[in-house]
Amino acid sequence: MRYITLGQDDKELSEIVLGMMRIEDKSVKEVEELVETALSVGINAFDLADIYGRGRCEELLGLVLKNRPDLREKMWIQSKCGIRIEEFTYFDFSKDYIIKSVDGILQRLKIDNLDSLLLHRPDALMEADQVAEAFEILHTSGKVRDFGASNQNPMMMELLKKEVKQPLSINQLQLSAAFTPGFESGFHVNMEGNKAAVRDGSVFEYCKLNDMVIQAWSVLQFGYFKGNFVGNEKFQQLNQVLNRLALKYSVSPSAIAIAWVLRYPAKMQAVVGTTNPKHLIEASQASKVNLTRKEWYEIYIAAGNDLP
Ligand SMILES: NC(=O)c1ccc[n+]([C@@H]2O[C@H](COP(=O)([O-])OP(=O)(O)OC[C@H]3O[C@@H](n4cnc5c(N)ncnc54)[C@H](OP(=O)(O)O)[C@@H]3O)[C@@H](O)[C@H]2O)c1
């Protein structure tokens with residue numbers, strides 16, 4: 001497993017993160033097995049959010065940690081807040097809501113502190129000074145070590161940085177071989193047509209410039225939760241390339257798809273959302289693959305993209 005460094009104390013984190021959004025229906029024993037499997041292949045980073053399973057995913061990991069407190073020190077645990085699911089879903093980055101959310105997260109996880117907290121989805125009504133106050137309280141009380149954002153564009157992060165004292169170490173963004181809007185405008189700069197439109201404010205380049213870790217989510221999905229593209233007949237050309245490279249590198253096609261994300265030259269992590277220990281072991285093998293530039297582009301094009 002390869003590792004990146006993150007945050008104020010350069011914590012070493014695996015480039016594969018276990019995303020725990022889909023564990024809601026698993027038993028405590030199954031979640032324990034998944035965590036043990038992750039640790040056994042060198043994965044030490046775990047991603048949650050307060051809304052996953054409406055809190056159930058955090059609760060399940062909390063029950064694992066209650067039975068197995070020895071696991072905590074081996075794990076870097078991240079969660080997110082800021083999405084409120086009530087009669088309808090909306091976003092809330094107010095000071096009181098952030099602080100209350102973290103208390104709920106810690107209670108469900110049965111731990112005293114979070115290694116990292118991300119603001120889940122941008123709140124247009126965000127007042128950065130409120131976020132700053134919340135982060136300061138959470139940091140000085142020892143409840144949260146590192147902070148970051150998710151799905152935020154550069155100007156949103158600049159707004160936050162104007163007030164927030166702690167570094168924003170992470171941006172968690174959707175990226176997969178079959179989901180690349182963030183790269184398209186970069187390839188089509190100075191050209192006519194929609195592909196040149198900069199919709200995300202060059203967020204990938206911004207994260208690199210600011211030495212932020214990019215955590216790619218849904219690395220095997222196409223569209224917005226439209227399904228897995230690996231082995232999917234809608235992506236025949238892509239799967240042909242993934243299968244060929246899987247043979248070349250002696251890993252699974254999914255591992256090649258994950259290696260594609262990790263090949264982007266930034267501090268990259270791939271958040272993998274499997275709930276199946278076997279799939280997790282396969283995914284972890286992405287970390288031993290270093291795709292060539294030509295292979296990276298071949299996958300990009302086989303996914304249906306074009307270059308000028
Ligand atoms: N910040 C955000 O807004 C945001 C949004 C969505 C997700 N996330 C984070 O990203 C994580 C991953 O998201 P995701 O679950 O959509 O992404 P994913 O890793 O692309 O997809 C996981 C799904 O693919 C299936 N799968 C099938 N074959 C697989 C294989 N060989 N290896 C791995 N998975 C395989 C898994 O099923 P099995 O369980 O059967 O393997 C699971 O249903 C989440 O857990 C969450 O932590 C963040």
Side-chain angles (χ1 to χ4, degrees), residues 14-27 30-31 33-35 37-38 41 43 45-53 56-58 60-61 75-83 85 89 91 105 116-123 148-153 156 170-180 182 200 203 207 212-232 235 238-239 242-243 246 251-262 268-287 303:
S14 50
E15 62 179 9
I16 308 280
V17 178
L18 176 61
M20 306 187 84
M21 178 182 75
R22 297 180 192 260
I23 62 168
E24 181 181 355
D25 299 325
K26 297 287 162 188
S27 68
E30 286 169 323
V31 177
E33 193 196 342
L34 193 62
V35 170
T37 304
V41 293
I43 296 172
F46 299 81
D47 181 64
L48 290 136
D50 55 358
I51 57 164
Y52 293 167
R56 180 64 186 155
C57 299
E58 289 173 338
L60 278 165
L61 181 58
M75 299 171 72
W76 177 88
I77 302 178
Q78 167 173 282
S79 192
K80 317 183 201 76
C81 70
I83 299 182
I85 303 180
T89 297
F91 308 126
I105 290 168
S116 140
L117 175 74
L118 307 186
L119 296 172
H120 205 157
R121 278 212 171 262
D123 170 15
S150 174
N151 307 306
Q152 298 208 18
N153 71 29
M156 288 163 180
I170 301 159
N171 196 5
Q172 194 171 105
L173 298 163
Q174 186 173 5
L175 177 68
S176 77
F179 187 91
T180 50
D200 304 321
V203 68
C207 292
M212 291 176 84
V213 172
I214 299 172
Q215 293 181 343
W217 57 266
S218 288
V219 288
L220 301 176
Q221 310 291 307
F222 62 98
Y224 188 66
F225 299 116
K226 288 208 174 127
N228 200 314
F229 58 83
V230 180
N232 185 330
F235 294 87
L238 176 58
N239 278 288
L242 294 177
N243 291 339
V251 298
S252 70
S254 299
I256 296 292
I258 297 167
W260 184 87
V261 165
L262 293 173
M268 290 302 291
Q269 287 183 302
V271 189
V272 176
T274 183
T275 58
N276 176 329
K278 264 200 214 143
H279 286 166
L280 187 59
I281 292 169
E282 266 176 42
S284 71
Q285 292 175 346
S287 191

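Values reported hereafter were calculated over all heavy atoms of this structure, with side chains retained and with hydrogens, waters and symmetry mates removed. No experiment lies behind these values; they were computed from the predicted model shown. When a ligand or atom number is given, it counts from 1 through the structure's own listing order.
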For ligand 1, note which part of H120 has a heavy atom under 4.0 Å away: side chain, backbone, both or neither.
side chain

Numbered atoms of ligand 1 (with element) below 4.0 Å of V272, judged on heavy atoms
19 (O)

Do F179 and S218 have side chains that approach each other closer than 4.5 Å (heavy atoms only, starting at C-beta)?
no

Check whether any side-chain heavy atom of I43 lies under 4.5 Å from a side-chain heavy atom of T37, and answer yes or no.
no

Mind running side chain to side chain contact (heavy atoms under 4.5 Å, CB included) on D47 and Q269 for me, showing each step along the way?
CA-CA 11 Å; D47 181 64; Q269 287 183 302; over 6 Å; no

Within ligand 1, which atoms have a heavy atom of L220 less than 4.0 Å away?
20 (O), 32 (N), 33 (C), 34 (N), 35 (C)

For L34 and K26, what are the C-alpha separation, side-chain angles and deciding distance, and is it a side chain to side chain contact (heavy atoms under 4.5 Å, CB included)?
CA-CA 10 Å; L34 193 62; K26 297 287 162 188; over 6 Å; no

Counting heavy atoms only, which of N228, D47, V17 is nearest atom 47 (O) of ligand 1?
D47

of all protein heavy atoms, closest to atom 6 (C) of ligand 1 is W217 CE3, 3.1 Å

Counting both backbone and side chain atoms, is some N or O of L48 under 3.5 Å from an N or O of ligand 1?
no

Within the side chain of E58, is there an N or O that forms a donor-acceptor pair under 3.5 Å with the backbone of G53?
no

Going by the rule ring pair (Phe, Tyr, Trp, His ring centres under 6.0 Å), which residues pair with Y224 if we only count those two or more places apart in sequence or in a different chain?
none

Enumerate the atoms of ligand 1 whose separation from the nearest heavy atom of V219 is less than 4.0 angstrom.
20 (O)

Using side-chain heavy atoms (C-beta onward) and a distance below 4.5 Å, is L18 in contact with V272?
no

Give the contacting part of S254 toward ligand 1: side chain, backbone, both or neither, where contact means a heavy-atom distance below 4.0 Å.
side chain

Does ligand 1 come near enough to G273 that some N or O of the ligand is less than 3.5 Å from an N or O of the residue?
yes

Checking contacts here: is it the side chain or the backbone of N151 that comes within 4.0 Å of ligand 1, counting heavy atoms only? Could be both or neither.
side chain

Option whose closest heavy atom lies nearest to atom 17 (O) of ligand 1, chosen from S176, P277, S218, A216:
S218

Using a 4.0 Å cutoff against the non-hydrogen atoms of Q221, which atoms of ligand 1 qualify?
16 (O), 18 (P), 20 (O), 21 (O), 22 (C), 23 (C), 24 (O)

Contacting atoms of ligand 1, where contact means under 4.0 angstrom from a heavy atom of F225:
6 (C), 16 (O)

Of all heavy-atom pairs between N239 and G231, which one has the smallest distance, and what is that distance?
OD1-N, 2.7 Å

Spell out, as yes or no, whether a donor-acceptor pair under 3.5 Å connects the side chain of K80 to the backbone of D50.
no

Atom 11 (C) of ligand 1 sits nearest the protein heavy atom V271 CG1, 3.5 Å

Numbered atoms of ligand 1 (with element) below 4.0 Å of Y52, judged on heavy atoms
4 (C), 7 (C), 8 (N), 9 (C), 46 (C), 47 (O), 48 (C)

For M20, counting its heavy atoms only, list the atoms of ligand 1 lying under 4.0 Å from any of them.
45 (O), 47 (O)

Identify, by atom number and element, the atoms of ligand 1 in contact range of N276, meaning under 4.0 Å from any of its heavy atoms.
39 (O), 41 (O)

Assess the residue pair L175 and M268 against the criterion (side chain to side chain contact (heavy atoms under 4.5 Å, CB included)); give the C-alpha distance rounded to whole Å, side-chain angles, the decisive distance to 0.1 Å, and a yes or no.
CA-CA 11 Å; L175 177 68; M268 290 302 291; 4.0 Å; yes

